[in-house]
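One structure is given here, and the rest of the page talks about it.
Counting from 1, the numbers follow the sequence of the chain as shown. Whatever order the structure lists ligands and atoms in, that order sets their numbers, starting from 1. Every heavy atom of this structure was used, including side-chain atoms; hydrogens, water molecules and symmetry mates were not.
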Amino acid sequence: MKNYETLAEIQQDLSTGSIQCKDLVDFYLKRIHSAQNLNLFLEVYEEEARLRAAEIDQKISQGTQGKLAGLVLGVKDVICYQGHGLTAGSKILAGFESMFTATALQRLLDEDAIVIGRQNCDEFAMGSSNENSAYGPARNPVDPERVPGGSSGASAASVKAGLCHAALGSDTGGSVRQPSGFCGTIGFKPTYGRVSRWGLIAYASSFDQIGPITRSVEDTARIMEIMAGPDQLDNTAAVEEVPAYSQALKEDSGKTYTIAYIREALESPGLDPEIKQATQDLIQRFKDEGHTVKMVDFPYLDYVVPCYYVLTTAEASSNLSRYDGVHYGYRSPKAQTLEEVYTMSRSEGFGEEVKRRIMLGTFVLSAGYYDAYYTKAMKVRSLIQQETLEILKDCDFILTPTAPTPAFKLGEKANDPIEMFLSDIYTVHANLAGVPAISLPLGEHSSGLPFGIQLMGRAFDEENLLNFSSQIVKK
Ligand code: GLN
């Protein structure tokens, strides 16, 4: 089987009959089995994927297939799929089954995407290395001693390793982009509200977005145009019309843009010198190609990570209160009283990082500290939003590295949450501001590891962001 870069190539071969969906599914299943050491799939829908493939092959023979026929998709274990297990990488949801399907996923299924399985992730999407999963860490296919990033680490790793063609992840502070940088895939976080969150397990509701992980910008565009748009089941899903992104890509005539890069991001002491150099080279390339590049100051860079962690833990402490041993999943067998059902189920069911965040979030929302932490962080968020809008008035995009370093070793940062949090320094910005952002593979480090570049765009201007991204990766 060919190593397909785009769905269009797959569909081309499907249309001539040189392959069938059945062959694709068999191919990925075989690869999943041979890559078990990477611990990327929590469940593989073997029989079901085969049956769906046969059904879609039938439709192809009649010419009635959907737009995504031939797309074999992995889904992060935080997205509901009716009748399928769903644990958010947590013991507290062990044995839980979704009662409905997330809108974003349903739209892809309606166009004949095939889901091959449910992918490992950090517990409740909290983490940057996939080491916080209750089901063991996922590994990076480029170097299995290293993390794939997080929290959608296994989803990016699976796309890189060719265990599925694309994947759906979720991004609250970089969880689709940072693992894409670490694994060498393309990760896209839409504008807040562009994609419905109905059926996505909530971590921090004012930040969360579902986003695709792919091997080509073209596939990102094709998945996005189907998945995005208003949804009556999610009041925060925006009503803005969704352009035909893939058509716009085809029509793009190599337009020139204005790109800002953040001085503080490039001067950040934690930035790996090779990644810095590659970012500078890219800036030079933009200039050579006739784009306008501006250096801008963003004095809030040191505040993005603290602001993000105050606000997301506050939201998480509220969102995760529903896992109480009564409504869902795990209930401590030792609990005798109602109080014990709550405390023991939560103490035993949640992992360390999730508990740390629930406690931190509860603290910053508590009566005596609310203004000092939560209100203050909200004010900082407003400043970050305003400053970002200001930059994006004159500039089409903001360029930063995706992460300050390439993938680190398993265990390297596991005992130092602050170090771990700093790997999100460039990605949380887009979630705080609500703007769309993409991570593109930029190069190879001397260690042999991939690393990424990030572009943020204007809210609801995914079209230009995708067009420009495609210009960058094509050359
Ligand atoms: N690494 C970040 C965190 O731990 C981002 C996670 C995410 O985007 N879900 O919060």
Within ligand 1, which atoms have a heavy atom of [X] less than 4.0 Å away?
X      : result
Gly173 : 5 (C), 7 (C), 8 (O)
Gly127 : 1 (N), 2 (C), 3 (C), 4 (O), 6 (C)
Asp171 : 8 (O)
Met126 : 4 (O)
Ala125 : 6 (C), 7 (C), 9 (N)

Item to check | Between Ser133 and Asp122: side-chain donor-acceptor atoms closer than 3.5 Å | outcome: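 No, Asp122 and Ser133 have no side-chain donor paired with an acceptor closer than 3.5 Å.
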Item to check | From CA spacing to verdict: side-chain hydrogen bond (donor to acceptor under 3.5 Å, both in side chains), Asp110, Gln106 | outcome: CA-CA 6 Å; Asp110 291 345; Gln106 188 60 54; 2.9 Å; yes
Any non-hydrogen atom of [X] lying under 4.0 Å from ligand 1?
X      : value
Asp424 : yes
Tyr309 : yes
Ser151 : yes

[X] to [Y] six-membered ring, cation-pi geometry met (6.0 Å, 45°):
X      : Y      : result
Lys91  : Tyr330 : yes
Arg381 : Phe207 : yes
Lys413 : Phe408 : yes

Checklist entry - Relative to ligand 1, is Arg357 under 4.0 angstrom through side chain, backbone, both or neither, heavy atoms considered? => result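 Side chain only.
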Checklist entry - Heavy-atom distance under 4.5 Å between the side chains of Ile226 and Lys67, does that happen here? => result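 Ile226 reaches Lys67 side chain to side chain.
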Checklist entry - Going by an N to O cut-off under 4.0 Å, is there a salt bridge joining Arg346 and Asp324? => result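 Looking at Asp324 together with Arg346, the answer is no, because their closest N to O distance does not fall below 4.0 Å.
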Checklist entry - Can you tell me which residue and heavy atom of the protein come closest to atom 6 (C) of ligand 1, and the distance to 0.1 Å? => result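 The answer is Ser175 OG, 2.8 Å.
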Next on the checklist: My understanding is that we take every heavy atom of each candidate and find the minimum distance to atom 5 (C) of ligand 1. Doing that for Phe207, Tyr308, Tyr203, which one comes out nearest?
Outcome noted: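 Result: the heavy atom closest to atom 5 (C) of ligand 1 is in Tyr308.
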